[in-house]
Amino acid sequence: LRIIKFTGGEPMINPEFTKFIELICERGTPGNISLEIYTNCSYIPSPKLLSNLTKFKNIQLNLSIDAYGAVNDYIRYGSRWNGEQKQTVSRAIDFWLDIGREHDNISVIMSTTLSILNIFEVPKLMSWWMDKFKASGNKITVYRTALLATEYDGFFKLQLAHDPSYINLNILPAEYYNEVLEWAEKYRDEYNIKYPDLKGIPECIGASLLKLKQAASKTKGNVDEAKNLLTYLSTMDSIRKNSAEENIPTVVAKIKEYLQAQDKQP
């Protein structure tokens with residue numbers, strides 16, 4: 001056994017996760033095994049669990065965060081970015097960055113799922129994470145010298161949401177994403193000016209910007225799915241006592257603008 005992948009929500013709140021990790025450690029084989037763990041940062045592990053995790057050969061710790069602050073809490077309902085309680089997203093992020101800095105075998109990655117719900121928030125999230133990660137003292141690989149598993153995904157990556165179809169980017173035509181596409185171009189062009197000490201744009205940042213541009217520039221628009229999204233948001237807001245218009249106003253405004261434009265067509 002060489003690699004084990006744990007997907008979320010939050011796998012570390014499952015008692016079986018702790019038992020499974022303990023079993024491997026008891027058998028004396030964690031040094032032969034790499035872990036890939038997706039966490040939504042709703043849980044900070046106990047000292048015992050953390051001690052066991054650090055025994056593994058490598059850990060790729062993926063932070064499943066889709067936006068910064070309150071917008072993340074809306075998209076991933078149940079999250080708490082800030083608060084008095086111990087288990088908040090911001091505290092978990094700080095925790096894992098500290099662990100990543102202290103342990104060479106642990107790589108921390110912001111793993112963001114790109115959808116219509118968060119595309120207009122990606123510039124804020126990506127810019128914030130770049131500064132946060134750099135200030136944390138974790139290793140930044142600009143250019144890989146080898147295809148090492150611990151560096152392959154860098155420290156930021158975008159994954160595209162395809163299903164359900166009413167949250168993928170194709171709901172809107174490409175021109176509705178112009179502000180995001182313009183930001184991506186500007187961010188790339190000015191990267192070396194803002195971070196001259198890195199002497200280049202990290203591969204993971206360049207790849208994410210490219211994926212963002214390619215995904216947003218090929219969309220055609222889909223009236224039925226746009227209506228489905230508004231219905232979905234309205235339904236979930238009524239259940240959760242929440243408001244899409246307050247939390248993701250740009251998304252709602254652009255969807256309504258698109259639908260109104262279609263209604264006016266002859």
Side-chain angles (χ1 to χ4, degrees), residues 1-67 72-115 117-118 125 129 133 136 138 148-164 167 236 239-240 242:
L1 185 61
R2 297 180 181 177
I3 185 167
I4 309 171
K5 180 177 180 177
F6 298 93
T7 57
E10 181 49 71
M12 286 179 278
I13 65 173
N14 188 336
E16 297 302 320
F17 176 89
T18 301
K19 294 178 183 178
F20 190 68
I21 296 299
E22 287 179 348
L23 177 63
I24 295 174
C25 290
E26 288 171 0
R27 292 186 174 182
T29 58
N32 301 328
I33 300 171
S34 295
L35 303 180
E36 185 176 349
I37 303 173
Y38 283 79
T39 169
N40 60 22
C41 291
S42 63
Y43 181 75
I44 296 175
S46 67
K48 181 179 180 181
L49 175 56
L50 178 63
S51 177
N52 282 335
L53 288 175
T54 59
K55 297 174 184 177
F56 282 77
K57 182 179 180 180
N58 293 296
I59 298 181
Q60 186 184 87
L61 203 288
N62 295 273
L63 310 182
S64 296
I65 306 295
D66 290 342
N72 183 76
D73 294 350
Y74 178 81
I75 295 173
R76 290 182 174 266
Y77 181 74
S79 290
R80 292 291 179 269
W81 190 276
N82 290 313
E84 296 301 321
Q85 64 268 43
K86 175 187 175 184
Q87 309 287 4
T88 63
V89 173
S90 59
R91 285 197 177 96
I93 290 173
D94 289 339
F95 173 85
W96 287 117
L97 284 174
D98 288 343
I99 297 301
R101 183 183 64 250
E102 295 167 2
H103 299 273
D104 292 338
N105 62 329
I106 298 179
S107 301
V108 180
I109 303 170
M110 179 69 72
S111 185
T112 298
T113 301
L114 182 63
S115 73
L117 300 176
N118 71 335
L125 175 67
W129 178 246
F133 191 86
S136 73
N138 279 265
L148 300 177
T150 55
E151 296 180 349
Y152 186 77
D153 286 321
F155 57 92
F156 185 86
K157 65 179 178 180
L158 285 177
Q159 304 169 114
L160 299 181
H162 298 286
D163 295 309
I167 67 166
M236 298 311 294
I239 294 171
R240 298 169 174 172
N242 218 330

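Every heavy atom of this structure was used, including side-chain atoms; hydrogens, water molecules and symmetry mates were not.
- Within the model, atoms CG of Asn118 and OG1 of Thr113 stand 7.5 Å from one another, a figure rounded to the nearest 0.5 Å.
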Does Trp96 form a side chain to side chain contact (heavy atoms under 4.5 Å, CB included) with Ile109? I'd like the steps, not just the answer.
CA-CA 10 Å; Trp96 287 117; Ile109 303 170; over 6 Å; no

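- The main-chain N or O of Trp81 is found under 3.5 Å from a side-chain atom of Ser90 such that the two form a donor-acceptor pair.
- Ile3 is not listed as a side-chain neighbour of Leu35, based on a closest heavy-atom distance of 4.5 Å or more.
- Salt bridge status for Arg91 with Asp94: absent, with no side-chain N to carboxylate O gap under 4.0 Å.
- By the 30° and 60° cut-offs, the orientation of the rings of Phe155 relative to Phe133 is parallel.
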As a quick check of understanding, evaluate side chain to side chain contact (heavy atoms under 4.5 Å, CB included) for Thr88 and Asn82, giving each step before the final call.
CA-CA 6 Å; Thr88 63; Asn82 290 313; 5.6 Å; no

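- Lys48 contributes atom NZ, which lies 9.0 Å from atom OG1 of Thr18 (distance to the nearest 0.5 angstrom).
- Residues meeting the side-chain contact (heavy atoms from CB on, under 4.5 Å) test with Arg80, sequence neighbours left out: Gln85.
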Check against side-chain hydrogen bond (donor to acceptor under 3.5 Å, both in side chains), Asn40 and Ser64:
CA-CA 5 Å; Asn40 60 22; Ser64 296; over 6 Å; no

Working for side chain to side chain contact (heavy atoms under 4.5 Å, CB included), residues Asn14 and Phe20:
CA-CA 10 Å; Asn14 188 336; Phe20 190 68; over 6 Å; no

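- Distance check, rounded to the nearest 0.5 Å: NE2 of His103 to CG of Leu50 gives 6.0 Å.
- Interatomic distance, Ile33 CD1 to Phe56 CZ, rounded to the nearest 0.5 Å: 5.5 Å.
- Closest heavy-atom contact between Pro30 and Cys25: CD-CA, 4.0 Å.
- When all heavy atoms of Ile75 and Leu117 are compared, the pair lying nearest together is CD1-O, 3.6 Å.
- Separation of atoms CG (Asn138) and CD1 (Ile99) is listed at 10.5 Å; rounding is to 0.5 Å.
- Residues Asn62 and Lys157 form a side-chain contact, since some pair of their non-hydrogen atoms from C-beta on lies under 4.5 Å apart.
- Across all their heavy atoms, Ile65 and Thr112 have their closest contact at O-OG1, 2.8 Å.
- Between Asn32 and Lys57, every side-chain heavy-atom pair lies at or beyond the 4.5 Å cut-off.
- Rounded to the nearest 0.5 Å, atoms CD (Glu36) and CD1 (Ile59) are 11.5 Å apart.
- Considering all non-hydrogen atoms of both residues, Cys41 and Ala92 come closest at O-CB, 3.5 Å.
- Remark: Lys19 does not engage Glu22 in a salt bridge, criterion side-chain N to carboxylate O under 4.0 Å.
- No donor-acceptor distance shorter than 3.5 angstrom exists from the side chain of Asp66 to the backbone of Asn72, with no hydrogens or angles considered.
- Each of Ile37, Ile24, Ile21 was evaluated against Ile4; a single residue qualifies, Ile24, per the side chain to side chain contact (heavy atoms under 4.5 Å, CB included) test.
- Heavy atoms only, all atoms of each residue included: Gly8 and Pro11 are closest at CA-CD, 3.9 Å.
- Closest approach of Gln159 to Ser111, counting heavy atoms only: NE2-OG, 2.9 Å.
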